[in-house]
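Everything numeric here is computed off the predicted structure, so don't read it as measured data. Residue numbering restarts at 1 for every chain, and letters A, B, ... go by the order of the sequence lines.
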Number of protein chains: 2
Amino acid sequence: MTRQRRIIYDALMAKRDHPTADEVFSRVKKTMPTISLATVYNSLEKLVECGLVRQVNRDRESTRFCPNLKEHGHFYCRECGSVHDIDLPSTRPSGLGLSLPPGFKVDHLDLNLLGTCPECGAKQQP
Amino acid sequence: MTRQRRIIYDALMAKRDHPTADEVFSRVKKTMPTISLATVYNSLEKLVECGLVRQVNRDRESTRFCPNLKEHGHFYCRECGSVHDIDLPSTRPSGLGLSLPPGFKVDHLDLNLLGTCPECGAKQQP
DNA sequence: AATGAGATCAAGAATTATTCTAAAAAAATC
DNA sequence: GATTTTTTTAGAATAATTCTTGATCTCATT
Ligand SMILES: [Mn+2]
Ligand SMILES: [Mn+2]
Ligand SMILES: [Zn+2]
Ligand SMILES: [Zn+2]
(Lines give C-alpha, C1' and ligand atoms only; values in the text may rest on other atoms or scores of the structure.)
(Ligands and ions follow the chains in the order given, each with its own letter.)
Protein backbone atom coordinates (compact mmCIF):
# COMPACT_ATOMS: atom_id res chain seq x y z
CA MET A 1 0.00 0.00 0.00
CA THR A 2 1.59 3.22 -1.19
CA ARG A 3 0.24 6.69 -0.59
CA GLN A 4 -1.38 6.90 -4.03
CA ARG A 5 -2.98 3.46 -3.73
CA ARG A 6 -4.42 4.36 -0.36
CA ILE A 7 -5.88 7.62 -1.66
CA ILE A 8 -7.37 5.85 -4.68
CA TYR A 9 -8.86 3.16 -2.49
CA ASP A 10 -10.29 5.77 -0.12
CA ALA A 11 -11.83 7.63 -3.05
CA LEU A 12 -13.61 4.44 -4.08
CA MET A 13 -14.85 3.78 -0.57
CA ALA A 14 -15.98 7.38 -0.02
CA LYS A 15 -18.54 7.39 -2.83
CA ARG A 16 -19.34 3.86 -3.81
CA ASP A 17 -20.78 4.73 -7.18
CA HIS A 18 -18.66 2.72 -9.66
CA PRO A 19 -16.48 5.41 -11.21
CA THR A 20 -14.34 4.89 -14.31
CA ALA A 21 -10.55 5.20 -14.10
CA ASP A 22 -10.88 8.72 -15.45
CA GLU A 23 -13.45 9.68 -12.82
CA VAL A 24 -11.20 8.27 -10.12
CA PHE A 25 -8.38 10.37 -11.58
CA SER A 26 -10.48 13.55 -11.34
CA ARG A 27 -11.47 12.84 -7.75
CA VAL A 28 -8.00 11.92 -6.59
CA LYS A 29 -6.40 14.97 -8.18
CA LYS A 30 -8.22 17.08 -5.59
CA THR A 31 -6.20 15.48 -2.79
CA MET A 32 -3.03 14.80 -4.80
CA PRO A 33 -2.84 17.16 -7.77
CA THR A 34 0.39 15.68 -9.11
CA ILE A 35 -0.86 12.13 -9.54
CA SER A 36 -0.88 10.79 -13.10
CA LEU A 37 -3.55 8.87 -14.95
CA ALA A 38 -1.05 6.04 -15.50
CA THR A 39 -0.70 5.71 -11.74
CA VAL A 40 -4.46 5.56 -11.36
CA TYR A 41 -4.57 2.73 -13.89
CA ASN A 42 -1.61 0.95 -12.26
CA SER A 43 -2.98 1.32 -8.76
CA LEU A 44 -6.48 0.19 -9.66
CA GLU A 45 -4.93 -2.84 -11.33
CA LYS A 46 -2.97 -3.60 -8.15
CA LEU A 47 -6.06 -3.18 -5.97
CA VAL A 48 -7.97 -5.56 -8.24
CA GLU A 49 -5.04 -8.01 -8.10
CA CYS A 50 -5.12 -7.94 -4.30
CA GLY A 51 -8.86 -8.47 -4.27
CA LEU A 52 -9.71 -5.14 -2.65
CA VAL A 53 -11.58 -3.83 -5.65
CA ARG A 54 -13.52 -5.35 -8.52
CA GLN A 55 -13.79 -4.36 -12.16
CA VAL A 56 -17.23 -3.92 -13.60
CA ASN A 57 -17.92 -3.87 -17.32
CA ARG A 58 -20.98 -3.24 -19.40
CA ASP A 59 -20.85 -3.71 -23.15
CA ARG A 60 -17.80 -1.83 -24.39
CA GLU A 61 -17.99 1.11 -22.05
CA SER A 62 -14.99 2.07 -19.94
CA THR A 63 -14.29 -0.24 -17.06
CA ARG A 64 -15.76 0.85 -13.74
CA PHE A 65 -14.47 0.02 -10.28
CA CYS A 66 -16.35 -1.25 -7.27
CA PRO A 67 -15.11 -1.83 -3.70
CA ASN A 68 -18.03 -4.11 -2.80
CA LEU A 69 -16.40 -7.51 -2.42
CA LYS A 70 -19.59 -9.48 -1.94
CA GLU A 71 -20.58 -11.27 -5.14
CA HIS A 72 -23.24 -9.13 -6.76
CA GLY A 73 -24.72 -7.98 -10.04
CA HIS A 74 -25.27 -4.46 -11.36
CA PHE A 75 -28.20 -2.35 -12.38
CA TYR A 76 -27.61 0.48 -14.88
CA CYS A 77 -30.12 3.31 -15.13
CA ARG A 78 -30.63 4.41 -18.73
CA GLU A 79 -31.85 7.85 -17.63
CA CYS A 80 -29.21 9.03 -15.21
CA GLY A 81 -26.41 6.55 -15.83
CA SER A 82 -26.21 5.52 -12.19
CA VAL A 83 -24.96 2.04 -11.30
CA HIS A 84 -26.40 0.08 -8.37
CA ASP A 85 -25.30 -3.13 -6.70
CA ILE A 86 -27.81 -5.97 -6.91
CA ASP A 87 -27.73 -8.90 -4.53
CA LEU A 88 -27.62 -12.33 -6.10
CA PRO A 89 -29.70 -15.14 -4.64
CA SER A 90 -27.62 -17.36 -2.38
CA THR A 91 -28.67 -20.49 -4.30
CA ARG A 92 -25.63 -20.42 -6.50
CA PRO A 93 -23.52 -21.43 -8.38
CA SER A 94 -25.83 -21.61 -11.35
CA GLY A 95 -28.75 -20.81 -9.02
CA LEU A 96 -31.06 -18.17 -10.40
CA GLY A 97 -33.42 -20.79 -11.74
CA LEU A 98 -31.15 -21.38 -14.74
CA SER A 99 -31.46 -24.72 -16.42
CA LEU A 100 -27.93 -25.30 -17.65
CA PRO A 101 -27.43 -28.20 -20.06
CA PRO A 102 -25.51 -31.04 -18.37
CA GLY A 103 -21.70 -30.83 -18.29
CA PHE A 104 -21.32 -27.09 -17.94
CA LYS A 105 -19.36 -26.16 -14.82
CA VAL A 106 -19.88 -22.52 -13.83
CA ASP A 107 -17.34 -20.81 -11.60
CA HIS A 108 -18.30 -17.19 -12.16
CA LEU A 109 -21.33 -15.21 -13.17
CA ASP A 110 -21.76 -11.66 -14.46
CA LEU A 111 -25.18 -10.09 -14.35
CA ASN A 112 -26.09 -6.67 -15.69
CA LEU A 113 -29.59 -5.27 -15.56
CA LEU A 114 -30.72 -2.25 -17.56
CA GLY A 115 -33.70 -0.04 -16.90
CA THR A 116 -34.93 2.85 -14.80
CA CYS A 117 -33.79 3.48 -11.24
CA PRO A 118 -36.27 4.43 -8.48
CA GLU A 119 -35.31 8.14 -8.55
CA CYS A 120 -35.78 8.46 -12.30
CA GLY A 121 -38.98 6.39 -12.19
CA ALA A 122 -40.41 8.75 -9.58
CA LYS A 123 -39.57 11.82 -11.69
CA GLN A 124 -41.43 10.48 -14.71
CA GLN A 125 -44.77 9.36 -13.19
CA PRO A 126 -45.28 11.23 -9.92
CA MET B 1 -29.87 -6.20 -47.99
CA THR B 2 -26.83 -5.83 -50.21
CA ARG B 3 -24.62 -8.63 -51.42
CA GLN B 4 -22.01 -8.04 -48.68
CA ARG B 5 -24.64 -7.89 -45.91
CA ARG B 6 -26.18 -11.11 -47.14
CA ILE B 7 -22.80 -12.89 -47.20
CA ILE B 8 -21.97 -11.63 -43.72
CA TYR B 9 -25.33 -12.71 -42.39
CA ASP B 10 -24.96 -16.13 -44.02
CA ALA B 11 -21.51 -16.52 -42.46
CA LEU B 12 -23.03 -15.90 -39.04
CA MET B 13 -25.84 -18.38 -39.63
CA ALA B 14 -23.53 -21.06 -41.07
CA LYS B 15 -21.44 -21.46 -37.91
CA ARG B 16 -23.31 -20.00 -34.98
CA ASP B 17 -20.29 -19.67 -32.76
CA HIS B 18 -20.20 -15.94 -31.88
CA PRO B 19 -17.30 -14.69 -34.01
CA THR B 20 -15.68 -11.28 -33.61
CA ALA B 21 -15.82 -8.73 -36.45
CA ASP B 22 -12.31 -9.78 -37.40
CA GLU B 23 -13.26 -13.46 -37.51
CA VAL B 24 -16.27 -12.62 -39.66
CA PHE B 25 -13.91 -10.67 -41.93
CA SER B 26 -11.64 -13.73 -42.33
CA ARG B 27 -14.54 -16.01 -43.12
CA VAL B 28 -16.21 -13.68 -45.55
CA LYS B 29 -13.00 -12.98 -47.45
CA LYS B 30 -13.12 -16.58 -48.70
CA THR B 31 -16.32 -15.88 -50.63
CA MET B 32 -15.64 -12.20 -51.37
CA PRO B 33 -11.90 -11.50 -51.25
CA THR B 34 -12.28 -7.78 -51.97
CA ILE B 35 -14.50 -6.96 -48.99
CA SER B 36 -13.04 -4.56 -46.44
CA LEU B 37 -13.02 -4.73 -42.67
CA ALA B 38 -14.83 -1.38 -42.60
CA THR B 39 -17.65 -2.92 -44.59
CA VAL B 40 -17.81 -5.84 -42.19
CA TYR B 41 -18.15 -3.39 -39.30
CA ASN B 42 -20.72 -1.30 -41.19
CA SER B 43 -22.75 -4.31 -42.23
CA LEU B 44 -22.75 -5.91 -38.81
CA GLU B 45 -23.92 -2.59 -37.40
CA LYS B 46 -26.76 -2.49 -39.94
CA LEU B 47 -27.74 -6.08 -39.16
CA VAL B 48 -27.82 -5.26 -35.45
CA GLU B 49 -29.86 -2.13 -36.20
CA CYS B 50 -32.42 -4.21 -38.13
CA GLY B 51 -32.57 -6.72 -35.31
CA LEU B 52 -31.24 -9.65 -37.33
CA VAL B 53 -28.10 -10.02 -35.23
CA ARG B 54 -27.15 -9.28 -31.65
CA GLN B 55 -23.92 -8.00 -30.15
CA VAL B 56 -22.41 -9.96 -27.31
CA ASN B 57 -19.79 -8.54 -24.98
CA ARG B 58 -17.74 -9.95 -22.18
CA ASP B 59 -15.55 -7.67 -20.12
CA ARG B 60 -13.53 -5.59 -22.54
CA GLU B 61 -12.94 -8.26 -25.17
CA SER B 62 -13.85 -7.58 -28.79
CA THR B 63 -17.56 -7.60 -29.49
CA ARG B 64 -18.92 -10.89 -30.78
CA PHE B 65 -21.97 -11.38 -32.98
CA CYS B 66 -24.85 -13.79 -32.55
CA PRO B 67 -27.77 -14.49 -34.89
CA ASN B 68 -29.89 -16.12 -32.16
CA LEU B 69 -32.72 -13.65 -31.65
CA LYS B 70 -34.31 -15.39 -28.69
CA GLU B 71 -33.37 -13.66 -25.44
CA HIS B 72 -30.54 -15.69 -23.96
CA GLY B 73 -27.38 -15.56 -21.88
CA HIS B 74 -23.88 -16.78 -22.71
CA PHE B 75 -21.49 -19.30 -21.30
CA TYR B 76 -17.75 -18.79 -21.93
CA CYS B 77 -15.38 -21.73 -21.59
CA ARG B 78 -12.09 -20.70 -19.98
CA GLU B 79 -10.28 -23.68 -21.52
CA CYS B 80 -11.22 -23.52 -25.19
CA GLY B 81 -12.76 -20.08 -25.46
CA SER B 82 -16.01 -21.39 -26.91
CA VAL B 83 -19.21 -19.41 -26.37
CA HIS B 84 -22.55 -21.16 -25.86
CA ASP B 85 -26.09 -19.83 -25.76
CA ILE B 86 -27.87 -20.33 -22.44
CA ASP B 87 -31.64 -20.24 -22.17
CA LEU B 88 -33.07 -17.87 -19.61
CA PRO B 89 -35.99 -18.93 -17.45
CA SER B 90 -39.28 -17.64 -18.81
CA THR B 91 -40.15 -16.00 -15.48
CA ARG B 92 -38.79 -12.65 -16.55
CA PRO B 93 -38.37 -9.64 -16.51
CA SER B 94 -36.46 -9.60 -13.28
CA GLY B 95 -37.25 -13.31 -12.88
CA LEU B 96 -34.25 -15.46 -12.06
CA GLY B 97 -35.11 -15.45 -8.37
CA LEU B 98 -33.65 -11.97 -8.05
CA SER B 99 -34.93 -9.85 -5.22
CA LEU B 100 -34.71 -6.37 -6.69
CA PRO B 101 -35.19 -3.47 -4.28
CA PRO B 102 -38.52 -1.71 -4.98
CA GLY B 103 -38.65 0.92 -7.71
CA PHE B 104 -36.17 -0.61 -10.12
CA LYS B 105 -37.73 -1.21 -13.53
CA VAL B 106 -35.72 -3.71 -15.58
CA ASP B 107 -36.10 -3.77 -19.36
CA HIS B 108 -33.05 -5.76 -20.31
CA LEU B 109 -30.73 -8.28 -18.77
CA ASP B 110 -27.24 -9.46 -19.71
CA LEU B 111 -25.98 -12.70 -18.25
CA ASN B 112 -22.50 -14.13 -18.77
CA LEU B 113 -21.37 -17.39 -17.19
CA LEU B 114 -17.72 -18.48 -17.01
CA GLY B 115 -16.42 -21.96 -16.48
CA THR B 116 -15.67 -25.23 -18.24
CA CYS B 117 -17.70 -26.54 -21.15
CA PRO B 118 -18.76 -30.22 -21.36
CA GLU B 119 -16.06 -31.10 -23.94
CA CYS B 120 -13.23 -29.61 -21.88
CA GLY B 121 -14.65 -31.11 -18.67
CA ALA B 122 -14.62 -34.56 -20.27
CA LYS B 123 -10.98 -34.18 -21.38
CA GLN B 124 -9.82 -33.37 -17.86
CA GLN B 125 -11.48 -36.11 -15.78
CA PRO B 126 -12.31 -39.02 -18.10
C1' DA C 1 -28.90 3.16 -73.22
C1' DA C 2 -27.79 7.38 -70.77
C1' DT C 3 -28.72 10.35 -66.61
C1' DG C 4 -28.82 11.45 -62.03
C1' DA C 5 -30.14 10.95 -57.08
C1' DG C 6 -29.31 8.46 -53.25
C1' DA C 7 -27.44 4.58 -50.90
C1' DT C 8 -23.47 1.81 -49.95
C1' DC C 9 -18.68 0.52 -50.02
C1' DA C 10 -13.90 0.92 -49.01
C1' DA C 11 -9.21 3.03 -47.79
C1' DG C 12 -7.16 5.25 -44.59
C1' DA C 13 -7.27 8.69 -40.81
C1' DA C 14 -9.04 9.52 -36.26
C1' DT C 15 -10.59 8.29 -31.73
C1' DT C 16 -10.70 6.20 -27.21
C1' DA C 17 -9.58 3.38 -23.47
C1' DT C 18 -5.90 1.10 -22.03
C1' DT C 19 -1.15 -0.74 -21.83
C1' DC C 20 3.69 -0.29 -22.46
C1' DT C 21 8.40 1.95 -22.00
C1' DA C 22 11.90 4.06 -19.89
C1' DA C 23 13.64 7.33 -16.81
C1' DA C 24 13.07 9.70 -12.35
C1' DA C 25 11.62 9.31 -7.59
C1' DA C 26 10.70 6.85 -3.50
C1' DA C 27 11.14 3.07 -0.42
C1' DA C 28 13.36 -0.86 1.39
C1' DT C 29 17.47 -3.37 2.41
C1' DC C 30 22.09 -3.89 3.43
C1' DG D 1 24.60 6.18 3.61
C1' DA D 2 25.07 3.31 -0.51
C1' DT D 3 22.68 -0.06 -3.12
C1' DT D 4 18.88 -2.57 -4.75
C1' DT D 5 14.00 -2.89 -5.66
C1' DT D 6 9.65 -0.94 -6.36
C1' DT D 7 6.72 2.63 -7.77
C1' DT D 8 5.51 6.68 -10.18
C1' DT D 9 5.27 9.38 -14.13
C1' DA D 10 5.12 11.34 -18.98
C1' DG D 11 4.64 10.14 -23.14
C1' DA D 12 4.57 6.68 -26.88
C1' DA D 13 2.24 2.58 -28.46
C1' DT D 14 -1.67 -0.46 -29.19
C1' DA D 15 -6.14 -2.42 -30.46
C1' DA D 16 -10.85 -2.15 -31.44
C1' DT D 17 -13.84 0.64 -33.40
C1' DT D 18 -15.67 4.77 -35.66
C1' DC D 19 -15.37 8.51 -38.84
C1' DT D 20 -14.45 10.83 -43.29
C1' DT D 21 -14.60 11.09 -47.89
C1' DG D 22 -14.44 9.91 -52.56
C1' DA D 23 -15.56 5.97 -55.52
C1' DT D 24 -18.98 2.76 -56.87
C1' DC D 25 -23.31 0.66 -57.20
C1' DT D 26 -28.60 0.69 -57.71
C1' DC D 27 -32.33 1.75 -59.97
C1' DA D 28 -36.17 4.81 -61.31
C1' DT D 29 -36.69 8.11 -65.06
C1' DT D 30 -35.80 9.99 -69.42
MN1 LIG E 1 -20.73 -3.08 -7.55
MN1 LIG F 1 -25.71 -16.06 -28.46
ZN1 LIG G 1 -31.68 6.94 -12.79
ZN1 LIG H 1 -14.22 -25.70 -23.60
Main-chain N/O of [Y] paired with [X] side-chain donor or acceptor, under 3.5 Å:
{"X": "A:Thr39", "Y": "A:Ile35", "answer": "no"}
{"X": "A:Gln124", "Y": "A:Gly121", "answer": "no"}
{"X": "B:Asn112", "Y": "B:Asn57", "answer": "yes"}

Short side-chain N/O contact from B:Arg60 to OP1 or OP2 of C:dT18, under 4.0 Å: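 Yes, B:Arg60 has a side-chain N/O under 4.0 Å of OP1/OP2 on C:dT18.
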Between A:Asp87 and A:His72: side-chain donor-acceptor atoms closer than 3.5 Å: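 No, because no side-chain N or O of A:Asp87 sits under 3.5 Å from a partner of the opposite role on A:His72.
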Derivation and outcome, ring-ring contact (aromatic ring centres under 6.0 Å, His included), residues B:His74 and B:His84: CA-CA 6 Å; B:His74 290 97; B:His84 302 258; 10.0 Å; no
Short N-O contact, B:Asp22 and B:Arg64, less than 4.0 angstrom: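 Looking at B:Arg64 together with B:Asp22, the answer is no, because their closest N to O distance does not fall below 4.0 Å.
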Side chains of [X] and [Y]: closer than 4.5 Å at any heavy-atom pair?
{"X": "B:His18", "Y": "B:Arg58", "result": "no"}
{"X": "B:Phe65", "Y": "B:Arg54", "result": "no"}
{"X": "B:Phe104", "Y": "A:Leu113", "result": "no"}

Interatomic distance, A:Asn57 CG vs C:dA17 C1' [rounded to whole Å]: 11 Å
Interface with DNA chain D, restricted to residues 25-46 of chain B and to heavy atoms under 4.0 Å: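 Hits under 4.0 Å, by residue number: B:Tyr41.
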Sorted by number, the residues of residues 1-18 of chain B with heavy-atom contact under 4.0 Å to DNA chain D: none
Contact summary for B:Arg60 and A:Thr63, nearest pair of heavy atoms: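 Here B:Arg60 and A:Thr63 meet closest at CD-OG1, 2.9 Å.
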Touch class at under 4.0 angstrom, heavy-atom based, for A:Thr20 against every strand present: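 No contact.
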For chain A, the stretch of DNA chain D it reaches, first to last nucleotide, under 4.0 Å of its heavy atoms: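 Range of nucleotides touched by chain A: D:dT7 to D:dT17.
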